[in-house]
Each structure stands twice: as C-alpha cells, then as structure tokens.
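Notes to accompany the following structure.
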Amino acid sequence: MSFASLGLSAPILKSIAEQGYETPSPIQAKAIPAVIDGKDVMAAAQTGTGKTAGFTLPILERLMRGPRVQPNQVRALVLTPTRELAAQVGNSVAIYGKHLPLSSTVVFGGVKINPQMIKLRRGTDVLVATPGRLLDLYNQNAVKFNQLEVLVLDEADRMLDMGFIRDIRKILAVLPAKRQNLLFSATFSDDIRQLAKGLVHNPVEISATPPNSTAPKVEQWVCPVDQKQKPALLIKLINENNWQQALVFTRTKHGANRLTRHLEAAGIKAAAIHGNKSQGARTKALADFKSCDIRILVATDIAARGLDINQLPQVVNFDLPNVPEDYIHRIGRTGRAGASGQAVSLVSVDEFKQLSDIERLIKQVLPRKSVNGFNPTNNLPESRLNTRPLKPNKPKRPKAANAFGNTPRNNTGNTSRNTTGNNSGNRQNEARPGRSKPRPFKVANRSA
Ligand code: AMP
C-alpha cells in the first residue's frame, strides 16, 4: 500500500517522501482515509506506531481544502498531556505541512504566555497545546474556536492519569458542537471509554495490535536483588554487558537523581529526566542521549511518556512501576520496528506485589536470572501466575514493535523530531495535582 492511495495530495506526499517513509504503518493505513472522510476516530496507539502522522497528515489534507483562518481562530486543535509531546507533535505538523500554506503553533505551560498570545493573533490552522495553558489563553481571549473543525486528544489515557479531566471538559464545553473528534490512547480503560462516550460519534475504531501484549522481540527478565544493592548491580550490568544506551526507569524524581549521581560517580555518563527538571535540561538530556554523549537516561514514567526515542537496545526497570500497565509502556521502548531489545527488572522483595501484578497483566511469569554477588538476603518469593484478570475490561493496548511495513530511514535514534528550540521553562510538567481527583489506584506514588 502507498500513501498516495490513501487520498493524500501532492504537497503532503512530497513531505512524506522527504521523511523517507515508504509504506503507511497499519494505524496510518486505517486512520488516514477515515479522517479525510470526516469521520470520528478512536484509536489504540502509543508512540512508535506512527500515530502522529496518522492524524496529522489527513488533518492537513482537510485543512488545505477549507477557508482561511481568521485572527485568533484555530481550525484544528491537538491536545497533549506534556510539553515534550506538544513540542514533538508541533514539530511533526511543521514537517508534514512544510509545502502547504497552513500555519501551526505550539503552546504549553512553564514558559511566558505573552509570546504565545502574539503568535495566536493572526490565527493558526493547527494549534498543539497542553490543556492548562490552552485554558489560560482562552480565558485571556487569545484564542477562539468559532472556526474549529477538528479536535485531537493525543495520549488521552495519560491526560486522565495526570488529572486533566476537568480542564478537558472545560475545553470541550467551549468548542463548537459540530466538529470532527479524534481520540488516541495507549490504553482503553473504563475512564477513557467514559470520556469517549461524550466525545466521539460513530467512531471508526482502530487498534493496531492485540490488547496488553508486550513486543515479542523484547527479551524480558527479572534480576532478584536487595533494594540497597540495586545501584551497584546496575553498574555491574552496564559494565559487564557493555551497554552503550539504556533507558532506566525509577519510580520517583529523587530516585532518578540519586541513581544518576551513583552512575556518574562510577564513571558512567548519565542524566535524569523528570518533572522537576527545566525544559532546557530535559531537552538537553534527550539530545545528549540520542547523540550517545550520555549512555544512561534515567527517567520517571510520566517524563518518559511520549519521548520519541526509537530502537533502544536496553530498558531497565530500576524500580518496578506501581501501575502494571506502565511496565508495558516502559518495555515498549525497546525492540521497536523489528529490532530486538532487552528489558531487565531489578526486583527486591518489597516489590513482589508489583511483580505479581505485572505478570498477571502480561499473562506470563518473567524468567529470573541472579547475578553472582548480588543474591538477595531477603528472598524474592517464587511467582505463581494468577490467571484472573486484574479488573474487568482491563485497558487494551497495542504493542510498539513492527508498526511499519518498511524500515524507516529515520529510525536510527537520530529522529526527525526534536524538541530543541521550543523554549525553556522550569515549571512542572503540565499536571496540576489537586485540580481534579485522579483514580487512587492509577496514581498511587506516581511522580513525574
Ligand atoms: P509516532 O508513533 O507518531 O510517535 O512515530 C514514531 C516514529 O515513526 C517517528 O519518528 C516518525 O517519524 C516515524 N514514522 C511515522 N510514520 C512512518 C512511516 N510510515 N514509515 C516510517 N517511519 C514513520
């Protein structure tokens, strides 16, 4: 199948060719014609499936046919949970729309609002925004929605996890009722379905892959270890296996900082990426990691979400996530686009419950390998697979691997996207704890 057969026009096909894309990914093959047709779409898709082009390309196609945008107006609105994702999506819009007479703008919190207000004055065809800042801009009359044709909620599950539901509802309330709605989410929990009910109408439902499956080419194993031995074990694993690029997940921001210090002290170049880091520091850490100037990127779940890092050979769970679905998100970072990867979890006895929940979710007991000298004094109990589902209607999620029918040229780690130049700021990721009450199970001990 070709992009041309999906109904895209020459200037868009030119941008696609310039990116080196040859074949549409499954999600693109389904979403592009549906969106061009004006249908609502509900898609199970995470980063790495080509979802951004899946909604951006057909939106641009539709917008190029419509009227000119008026001052302060917006024709297509893309809402994202984080600044990073907003910047990445904005970058994609700019790349794919390069040969079109359409404008795009990215707005997010943590940076001055005035320059954003000035940019919006002339109107913008595509606005990519995080919810909090968008509401601020709307309340100051900097943005108007009379001309709005399309709304995209990207990573809707993460927006709910981060407590944005109230902001989203406020935004929905001020949009014209007649519009096209596209909802993208890695998982489809009850909450997302509830949100979708009032949002999408007769949607085309797209799911690229079976629910809750991990990428098949990822070798996963568990390394039992005492909590206090974890930094030393990680250093040993990095050195002995000569890992050149690994993404390491910790549960907390402080844990990420502490571990980064341990690694640096052992002569391993590392940087932490989390919500307490300034936008500039995060962008730099990501760029340094992509260019291999640092070997280890230590991240919290929320900060890592939406990062466009392709084909990582190694993912390490320094701490197991409290939310079992996050395990799948994490290991989806490796073994992408047909490449193989390894995901190792350092598990101490106090994490046995999390381990059991993960194994229950992925329906397999993870193999264990002990490392000499690191056998735990507090033994990790044997796993017994619990085959009862965790909850009825567990979230469905696609796998990230093999999304494309071809080997993308830019899947080398030097991705076409970058967040550089998208301002800097030092406010937390857009989440505003306390603005709405997130579900207790989902957010327990979560920290960006
Ligand atoms: P996304 O899932 O939107 O985050 O995209 C993941 C990566 O795949 C990005 O680096 C895109 O540039 C790339 N990509 C998107 N569509 C294609 C395609 N059809 N062929 C090759 N690469 C693609």
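Atoms considered below: every heavy atom in the structure, side chains included; atoms not considered: hydrogens, waters and symmetry mates. Counting starts at 1 for both ligands and their atoms, following the listed order.
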Exercise for the section: Answer with yes or no whether the side chains of Glu61 and Ser9 bring together a donor and an acceptor at under 3.5 Å. Expected result: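 Yes - a donor-acceptor pair under 3.5 Å links their side chains.
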Problem - Side chain, backbone, both or neither: the part of Phe55 lying under 4.0 Å from ligand 1 by heavy atom - result: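 No part of Phe55 comes within reach of ligand 1.
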Exercise for the section: Indicate, as side chain, backbone, both or neither, the part of Gln28 found under 4.0 angstrom from ligand 1 when only non-hydrogen atoms are considered. Expected result: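 The answer is the side chain.
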Handout entry: Salt-bridge present (Asp293, Lys269; N to O < 4.0 Å)
Key =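 Not counted as a salt bridge, because no side-chain N and carboxylate O are separated by less than 4.0 Å.
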Problem - Nearest-0.5 Å distance, CZ of residue Arg330 to CZ of residue Phe249 - result: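 Rounded to the nearest 0.5 Å, the CZ-CZ separation comes out at 6.0 Å.
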Exercise for the section: Give a yes/no verdict on whether any heavy atom in Thr23 is under 4.0 Å from an atom of ligand 1. Expected result: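 Under 4.0 Å: yes for Thr23.
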Practice task
Any atoms of ligand 1 less than 4.0 Å from a non-hydrogen atom of Thr52? List them with their elements.
Solution key: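 Answer for ligand 1: 1 (P), 3 (O), 4 (O).
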Handout entry: N or O contact, Phe3 vs ligand 1, cut-off under 3.5 Å
Key =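 No, Phe3 has no N/O under 3.5 Å of an N/O on ligand 1.
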Exercise for the section: May I ask you to decide if the ring planes of Tyr138 and Phe145 are parallel, tilted or perpendicular, using 30° and 60° as cut-offs? Expected result: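 Judged by the thresholds at 30° and 60°, the geometry between Tyr138 and Phe145 is parallel.
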Problem - Residue Asn146 excluded, over 12 heavy atoms near CG under 6.0 Å - result: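 Yes.
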